[in-house]
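Remember, it's a predicted structure, so these values are computed and weren't measured experimentally.
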Amino acid sequence: MSLALLTIVAGCGDGDSDSTATAAATSASDSVIAGQLPQSSRDKGTLTVGTDPSYAPNEFFDTDGKTIIGMDIDLARALGGVLGLKVQPTQVVFDSILPGLASGRYDIGMSSFTDTKEREKQVDFVTYYSAGTSFMTRGQGGVKVTTLDDLCGHTVAVESGTVQQTDAGDQSGRCTAAGRPAVTVQNYDDQNGANLALASGRADLSMADSPVADYQAKLSGGKIRIVGKPYGTAPYGIAVPKNSGLAAALRAAMAKLIDDGEYTKILDRWGVRDGAISNPRINGATG
């Protein structure tokens with residue numbers, strides 16, 4: 001594929017891909033695990049999943065510009081199969097997902113969320129993957145960085161609301177405190193915008209979760225490359241409203257997917273097996 005996937009228009013379609021579900025296999029319903037769901041979820045029969053489809057291969061639009069696909073979406077559907085629930089992925093700007101959970105607009109958020117102590121103040125998480133952050137630069141005329149400390153004086157494009165936005169901003173403060181040039185942080189509503197800023201030369205660097213950065217670099221035809229080494233490996237978490245009663249059922253369903261091998265099949269389908277975990281946890285933040 002070409003650079004076109006780097007600039008998928010996030011506004012395409014209404015983001016409700018339920019009617020055109022992915023071909024991912026789903027596990028058979030488990031009545032014992034499904035019995036752990038709160039009665040309200042069983043009565044509703046549907047899990048509305050808030051996700052930002054600009055983060056391939058984890059969540060992104062298929063070539064029809066409407067259907068949301070990816071590793072997270074396949075896992076969500078498999079979880080729905082175990083729980084006996086229909087899964088409805090819904091396109092949401094990333095930094096609106098957690099507020100949407102609090103207001104009841106979405107049942108869960110599954111959008112490559114890093115489980116952090118700070119975020120655990122807002123929501124509960126069920127961990128399901130492990131990823132770090134990678135640096136991206138242009139294939140020709142890019143810059144050389146190895147660590148966050150090398151960002152001083154550079155322009156960095158990031159997605160709003162992400163750990164990368166926080167890291168780049170914090171690093172800028174450390175740069176100026178040391179008498180070095182600040183980091184110019186460009187914030188975009190989705191990762192596609194950050195990718196485009198990098199590819200077009202408006203930014204020196206971009207930052208994204210390692211599997212996403214690797215995927216974008218491979219698709220770019222040499223226009224984007226990875227520099228330095230990944231840092232900050234931490235768990236991904238499925239976000240659920242605080243004390244909603246969903247976390248225990250989702251953790252049990254994820255453990256079943258891991259035990260029966262469906263979890264590994266899904267990661268292999270998207271080439272992201274390196275981040276597999278063996279023991280999902282509720283609120284397993286490491287930092």
Side-chain angles (χ1 to χ4, degrees), residues 13-53 58-62 66-92 96-113 115 123-129 236-267 269-270 277 279-284:
D14 61 6
D16 181 354
S17 62
D18 185 67
S19 61
T20 49
T22 66
T26 56
S27 296
S29 176
D30 185 306
S31 59
V32 174
I33 296 176
Q36 297 182 40
L37 287 166
Q39 188 63 48
S40 58
S41 296
R42 281 180 272 172
D43 291 343
K44 183 180 178 183
T46 301
L47 272 183
T48 303
V49 182
T51 191
D52 172 14
N58 297 353
E59 45 269 332
F60 62 110
F61 282 119
D62 203 349
K66 296 180 180 179
T67 306
I68 305 176
I69 61 174
M71 179 264 284
D72 276 351
I73 307 307
D74 284 358
L75 282 175
R77 292 193 186 283
L79 289 168
V82 174
L83 296 169
L85 299 175
K86 190 176 181 181
V87 172
Q88 184 175 343
T90 301
Q91 178 191 0
V92 189
S96 297
I97 296 175
L98 298 189
L101 291 174
S103 68
R105 189 171 183 181
Y106 320 110
D107 298 310
I108 69 173
M110 204 158 178
S111 197
S112 307
F113 279 104
D115 180 359
V123 296
D124 290 323
F125 283 104
V126 176
T127 63
Y128 65 97
Y129 192 75
Y236 277 177
I238 303 168
V240 300
K242 272 288 184 189
N243 304 313
S244 65
L246 281 170
L250 285 167
R251 194 214 67 80
M254 184 62 70
K256 179 179 174 62
L257 294 179
I258 291 171
D259 289 345
D260 69 16
E262 181 63 21
Y263 172 80
T264 302
K265 290 178 183 178
I266 291 171
L267 299 194
R269 184 178 301 136
W270 295 102
I277 66 168
N279 183 30
R281 298 175 56 196
I282 295 174
N283 292 335

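- For Ser111, there are no side chain to side chain donor-acceptor pair (under 3.5 Å) partners, not counting sequence neighbours.
- Of all non-hydrogen atoms in Leu75 and Leu257, the two that sit nearest each other are O-CD1, 4.3 Å.
- Nearest heavy atom pair, residue Tyr128 against residue Ser112, reads OH-N, 3.8 Å.
- We find the OG1-CG distance between Thr90 and Asp52 to be 12.5 Å, quoted to the nearest 0.5 Å.
- Taking the side chain to side chain contact (heavy atoms under 4.5 Å, CB included) definition, one finds that Ser29 meets it with nothing, sequence neighbours left out.
- At a threshold of 4.5 Å between non-hydrogen side-chain atoms, the residues Pro53 and Phe61 count as touching.
- Using modelled atom types and a 3.5 Å distance limit, the side chains of Asp115 and Thr127 yield no donor-acceptor pair.
- Note that the CD1 atom of Ile266 and the CE atom of Met71 stand 9.5 Å from one another [nearest 0.5 Å].
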Extract all donor-acceptor atom pairs below 3.5 Å that involve side chains of residues 31-43 and protein atoms in other chains or at least two apart in sequence.
unit_1 : atom_1 : unit_2 : atom_2 : d
Gln39  : NE2    : Asp43  : OD1    : 2.8
Arg42  : NE     : Leu37  : O      : 3.2
Arg42  : NH2    : Leu37  : O      : 3.0

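- Remark: Lys44 engages Thr46, Thr48, Asp107 in a side chain to side chain contact (heavy atoms under 4.5 Å, CB included) (not counting sequence neighbours).
- Ile277 contributes atom CD1, which lies 7.5 Å from atom CE of Met254 (distance to the nearest 0.5 angstrom).
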Given side-chain contact (heavy atoms from CB on, under 4.5 Å), test Leu98 with Phe113 step by step and report yes or no. CA-CA 10 Å; Leu98 298 189; Phe113 279 104; 3.8 Å; yes

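- Counting heavy atoms from C-beta outward, Trp270 and Ile73 have side chains that stay 4.5 Å or more apart.
- In terms of heavy-atom proximity, Pro241 sits nearest to Leu101 at CG-O, 3.6 Å.
- Nearest heavy-atom pair, Ala247 versus Val240, reported as atom, atom and distance to 0.1 Å: CB-CG2, 4.1 Å.
- One finds the CZ atom of Arg251 at 11.5 Å from the CD1 atom of Ile238 (value rounded to the nearest 0.5 Å).
- The heavy-atom pair separating Gly70 from Phe60 by the smallest distance is CA-CE2, 4.1 Å.
- Contacts of Tyr129 classified as ring-ring contact (aromatic ring centres under 6.0 Å, His included), with partners at least two apart in sequence or in another chain: Tyr236.
- The salt bridge (Lys or Arg N to Asp or Glu O under 4.0 Å) check on Asp124 picks up Lys242, with sequence neighbours excluded.
- Rounding to the nearest 0.5 Å places NZ of Lys66 at 13.0 Å from CD of Gln91.
- Applying the salt bridge (Lys or Arg N to Asp or Glu O under 4.0 Å) rule to Lys265 yields no partners; only residues at least two apart in sequence or on another chain are considered.
- Scored by the ring-ring contact (aromatic ring centres under 6.0 Å, His included) test, Tyr263 finds no partners at all (sequence neighbours excluded).
- To the nearest 0.5 angstrom, Leu250 atom CG is 8.5 Å from Ile282 atom CD1.
- Applying the salt bridge (charged side-chain N to carboxylate O under 4.0 Å, His left out) definition to pairs two or more places apart or across chains, those involving residues 252-261 are Asp30-Lys256.
- Nearest heavy atom pair, residue Met110 against residue Glu59, reads O-OE1, 3.7 Å.
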